[in-house]
Amino acid sequence: DKALKYPMKKMWDDEGKKVLYIKSMKFGENNTLIPKSIKERYEDIFHVDKLEDAKDGKEVLTNLLSAVDVKNFGATFAEPKAKVNVSITGAVQFGQGFNKYEGTTAEEQQILSPFRDAKDEEKKEEAKNSTLGTKITSNEAHYFYPFVINPMAYKEFVQLGVTDGYTEEDYQNFKRTALVSATSYATNAKEGCENEFALFVETESDMYLPNLTEYITFEKGDKLNTIDISEVASIINAVKDRVKSVEVYYNPYTTNLVSGIEDEKVFNIITLKEV
């Protein structure tokens with residue numbers, strides 16, 4: 001789940017939104033480049049001189065819940081100099097993603113340095129190229145992540161007056177980012193990783209569905225792959241009177257979708273237009 005959350009946080013950070021739990025750097029003693037502490041990151045994004053100068057815990061909690069990553073995924077904020085130490089269970093909870101493609105193979109590459117290793121010289125051995133590490137990638141994989149959103153997760157914090165709760169605006173921002181963040185995050189290791197499928201099921205507040213990824217199958221094809229959610233359709237159709245809406249997003253240029261969910265809305269995940 002960390003691999004999925006990171007590009008979402010990176011996308012929000014690039015958009016200028018307040019993201020607390022993301023790595024940022026500073027120059028330390030002797031201009032050594034080091035990561036910022038959580039205290040320093042807090043002071044940076046909330047534009048305060050010192051965390052310990054906050055007038056009360058309410059101010060700190062209000063700031064924390066205004067950070068977009070905390071509002072979605074929660075946080076554990078344990079800073080000795082703060083006036084509040086708190087664990088916030090996020091409204092959005094991801095489960096572990098599992099690869100549905102049985103033909104996946106791991107590919108291993110040795111990464112070599114273009115420079116000689118100074119340690120070899122210290123040992124009076126012949127200087128030679130050193131191995132920096134090993135890069136392991138997959139030839140192809142198709143991960144499906146279960147998630148649930150509980151808009152009542154911050155009920156207690158609403159009563160404390162530090163947040164308006166998880167709003168429709170928060171949900172739409174999460175959905176917008178979830179649909180494109182993997183595609184947008186193009187590092188050397190992540191290039192080629194793309195969003196290809198998403199399923200959003202909105203139910204009544206007292207309706208609890210099982211982990212729907214367990215009922216999704218993926219099949220590799222010669223031209224188009226197939227994502228089959230017909231078993232998911234059977235579950236949702238059985239409780240359709242308690243389901244408010246169903247949205248399915250997929251890539252029609254690479255994938256056939258087998259569904260059958262009644263009253264579903266199907267979208268092209270690239271254009272975001274209804275199919």
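Counting all heavy atoms, side chain and backbone alike, A198 lies closest to L179 at CB-CD2, 3.6 Å. Heavy atoms only, all atoms of each residue included: Y42 and L51 are closest at CE2-CD1, 3.3 Å.
With hydrogens and angles ignored, the 3.5 Å screen pairs no side-chain donor or acceptor of D228 with any backbone N or O of S259. The main-chain N or O of Y21 is found under 3.5 Å from a side-chain atom of D69 such that the two form a donor-acceptor pair.
For the pair K17/N173, a side-chain contact is recorded, criterion being any heavy-atom separation below 4.5 Å from C-beta on. The side-chain heavy atoms of D1 and F73, taken from C-beta on, include no pair separated by under 4.5 Å. Looking at heavy atoms from C-beta onward, K23 lies out of side-chain contact with K9 at the 4.5 angstrom threshold.
Note: T213 OG1 to L199 CG = 10.0 Å, rounded to the nearest 0.5 Å. One finds the CG atom of D170 at 7.5 Å from the OG1 atom of T163 (value rounded to the nearest 0.5 Å).
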- [ ] Check the pair N225 / H142 against side chain to side chain contact (heavy atoms under 4.5 Å, CB included), numbers first and verdict last.
- [x] CA-CA 11 Å; N225 302 323; H142 297 265; 4.0 Å; yes

Task: side chain to side chain donor-acceptor pair (under 3.5 Å) between D164 and Y154, intermediate numbers included - done: CA-CA 8 Å; D164 294 331; Y154 305 133; over 6 Å; no

TODO: Kindly indicate, with the supporting measurements, whether the criterion side chain to side chain contact (heavy atoms under 4.5 Å, CB included) is fulfilled by M25 and I34.
DONE: CA-CA 6 Å; M25 308 298 289; I34 58 174; 5.5 Å; no

- [ ] Could you walk me through whether F147 and F174 pass the ring pair (Phe, Tyr, Trp, His ring centres under 6.0 Å) test, one step at a time?
- [x] CA-CA 12 Å; F147 73 96; F174 163 79; 5.7 Å; yes

TODO: Decide side chain to side chain contact (heavy atoms under 4.5 Å, CB included) for N150 and V148; before the verdict, give the C-alpha distance in whole Å, the side-chain angles of both, and the deciding distance to 0.1 Å.
DONE: CA-CA 7 Å; N150 177 12; V148 63; 5.7 Å; no

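For Y185 and Y6, the distance between ring centers is under 6.0 angstrom.
Sorted by first and then second residue, the salt bridge (Lys or Arg N to Asp or Glu O under 4.0 Å) pairs involving residues 196-219 (not counting sequence neighbours) are E204-R242, D206-R242. The ring-ring contact (aromatic ring centres under 6.0 Å, His included) analysis of residues 240-275, with sequence neighbours excluded, yields the pairs F200-Y249, Y249-F267.
Only one option out of F218, Y145, F144 pairs with F197 in a ring-ring contact (aromatic ring centres under 6.0 Å, His included); it is F144.
Under the ring pair (Phe, Tyr, Trp, His ring centres under 6.0 Å) criterion, Y143 pairs with no residue at all, not counting sequence neighbours.
Look at K36 and D44 and you find a salt bridge, because one of the NZ, NE, NH1 or NH2 atoms lies within 4.0 Å of a carboxylate O, short of that distance. Looking at D14 and K10, a side-chain N of the basic residue comes within less than 4.0 Å of a carboxylate O on the acidic one, giving a salt bridge.
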